[in-house]
Enquirer: 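I have a structure here, written as structure tokens, and I will follow up with some questions on it.
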Amino acid sequence: MREFRLLKHESGAYEILPVGWSFGALVFHMFWAIGNGVFWRFARFILPAFLGTAFGMFLLETQVSEPLGTALVYISAIYGAGFVFYFAGVAFQWRAEQLAKNGFDEIATIYGSSGHEALNRWALSR
């Protein structure tokens with residue numbers, strides 16, 4: 001059984017979010033962030049990795065700064081990969097915070113093997 005958070009908007013719309021790790025956010029991180037409304041928050045953290053890699057590649061072209069460029073590329077790659085794993089762990093939490101900003105309130109924590117089953121269990125318990 002998996003834990004889910006049920007959020008409801010005052011207009012009557014429901015959103016059900018799993019709690020914990022997101023495999024989709026791990027694999028499709030940037031696209032997941034765009035599709036779930038957390039891209040700008042995601043971009044704030046991943047941008048240093050992109051900029052560090054780009055600057056490191058520039059330094060690799062110069063003979064004098066080649067060791068510094070190599071180190072910068074490695075550090076940026078490690079930071080970027082680490083952030084993607086971190087993002088996979090907090091993606092649903094960030095989504096819930098974004099929904100709360102848009103007027104959703106958490107009304108229940110429910111359990112089920114899927115979101116649909118958890119929502120059915122919650123509906124039957126009311």
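We number each residue from 1, following the sequence as shown.
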Enquirer: If two hydrophobic side chains count as joined below 4.5 Å and joins carry through other members, does Y79 share a cluster with F58?
Expert: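 No, no single cluster joins them.
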Enquirer: Ring-plane angle category for F42 and F83, please: parallel below 30°, perpendicular beyond 60°, tilted otherwise.
Expert: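 Judged by the thresholds at 30° and 60°, the geometry between F42 and F83 is tilted.
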Enquirer: Honestly curious: do V38 and Y86 fall in one hydrophobic cluster under the side-chain, below-4.5 Å linking rule?
Expert: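 Shared cluster, yes.
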Enquirer: Check this for me: does any side-chain nitrogen of one of E15 and R95 sit under 4.0 Å from a carboxylate oxygen of the other?
Expert: yes
Enquirer: Drop me the distance from I16's CD1 to R5's CZ, to the nearest 0.5 angstrom.
Expert: 11.5 Å
Enquirer: Hey, would you say the F39 and W94 ring centroids sit under 6.0 Å apart?
Expert: no
Enquirer: Please name the pair of heavy atoms, one in I110 and one in A118, separated by the smallest distance, quoted to 0.1 Å.
Expert: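 I110 and A118 have their closest heavy atoms at CD1-O, 3.4 Å.
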Enquirer: Check this for me: does any side-chain nitrogen of one of R121 and E117 sit under 4.0 Å from a carboxylate oxygen of the other?
Expert: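 Result for this pair is yes, salt bridge flagged.
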Enquirer: Output yes when a side-chain donor or acceptor of T62 lies under 3.5 Å from a complementary backbone atom of L59, and no otherwise.
Expert: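 At least one qualifying donor-acceptor pair exists.
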Enquirer: Walk me through whether F85 and L26 qualify under side chain to side chain contact (heavy atoms under 4.5 Å, CB included).
Expert: CA-CA 6 Å; F85 278 99; L26 177 66; 3.8 Å; yes
Enquirer: Indicate yes or no: does R41 engage E97 in a salt bridge with an N to O separation below 4.0 Å.
Expert: yes
Enquirer: Working to the nearest 0.5 Å, report the span between CG of N102 and NE2 of H9.
Expert: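 Separation between the atoms: 7.0 Å.
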Enquirer: Tell me whether M30 is reachable from L51 by hopping between hydrophobic residues (I, L, V, M, F, W, Y) whose side-chain heavy atoms are closer than 4.5 Å.
Expert: no
Enquirer: For the atom pair CH2 (W40) and CZ (F45), what is the distance rounded to the nearest 0.5 Å?
Expert: 15.0 Å
Enquirer: Run the numbers on F4 and L17 for side chain to side chain contact (heavy atoms under 4.5 Å, CB included), then give the verdict.
Expert: CA-CA 5 Å; F4 293 89; L17 292 175; over 6 Å; no
Enquirer: Do N36 and F92 come within less than 4.5 Å of each other through their side chains, counting heavy atoms only?
Expert: no
Enquirer: Restricting to non-hydrogen atoms, name the atom on G24 and the atom on W32 that form the minimum distance, rounded to 0.1 Å.
Expert: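 For G24 versus W32, the nearest heavy atoms are C-CD1, 3.8 Å.
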Enquirer: Locate the shortest heavy-atom distance separating M57 from V73; write the atom from each residue and the value.
Expert: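 What the structure gives for the nearest pair is N-CG2, 3.9 Å.
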Enquirer: Is there a path from I34 to I46 through hydrophobic residues (I, L, V, M, F, W, Y) whose side chains come within less than 4.5 Å of each other?
Expert: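 Same cluster: I34 reaches I46 through Ile, Leu, Val, Met, Phe, Trp or Tyr contacts under 4.5 Å.
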Enquirer: Between atom CE of M1 and atom OG of S113, what is the distance when rounded to the nearest 0.5 Å?
Expert: 7.0 Å
Enquirer: Inspect the surroundings of CZ in F55 and state if more than 12 heavy atoms from other residues, nucleotides or ligands are less than 6.0 Å away.
Expert: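 Not more than 12 within 6.0 Å, no.
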Enquirer: Under the side chain to side chain contact (heavy atoms under 4.5 Å, CB included) criterion, do D105 and L7 qualify, and how do the steps go?
Expert: CA-CA 5 Å; D105 295 316; L7 296 102; over 6 Å; no
Enquirer: I would like to know whether T53 and L72 meet side chain to side chain contact (heavy atoms under 4.5 Å, CB included); could you show each step before the answer?
Expert: CA-CA 7 Å; T53 301; L72 190 55; over 6 Å; no
Enquirer: Taking the side chain from S22 and the backbone from A25, do they hold a donor-acceptor pair closer than 3.5 Å?
Expert: yes
Enquirer: Tell me whether V27 shares a hydrophobic cluster with F31, the cluster being built from Ile, Leu, Val, Met, Phe, Trp, Tyr side chains joined at under 4.5 Å.
Expert: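 Same cluster: V27 reaches F31 through Ile, Leu, Val, Met, Phe, Trp or Tyr contacts under 4.5 Å.
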Enquirer: Answer yes if the ring centres of H29 and F87 are under 6.0 angstrom apart, and no otherwise.
Expert: no
Enquirer: What heavy-atom pair brings A49 and G80 nearest, and what distance separates the two atoms?
Expert: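 Result for this residue pair: CB-CA, 3.9 Å.
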Enquirer: At their closest point, which heavy atom of L6 faces which heavy atom of L119, and how far apart are they?
Expert: CD1-CD1, 3.8 Å
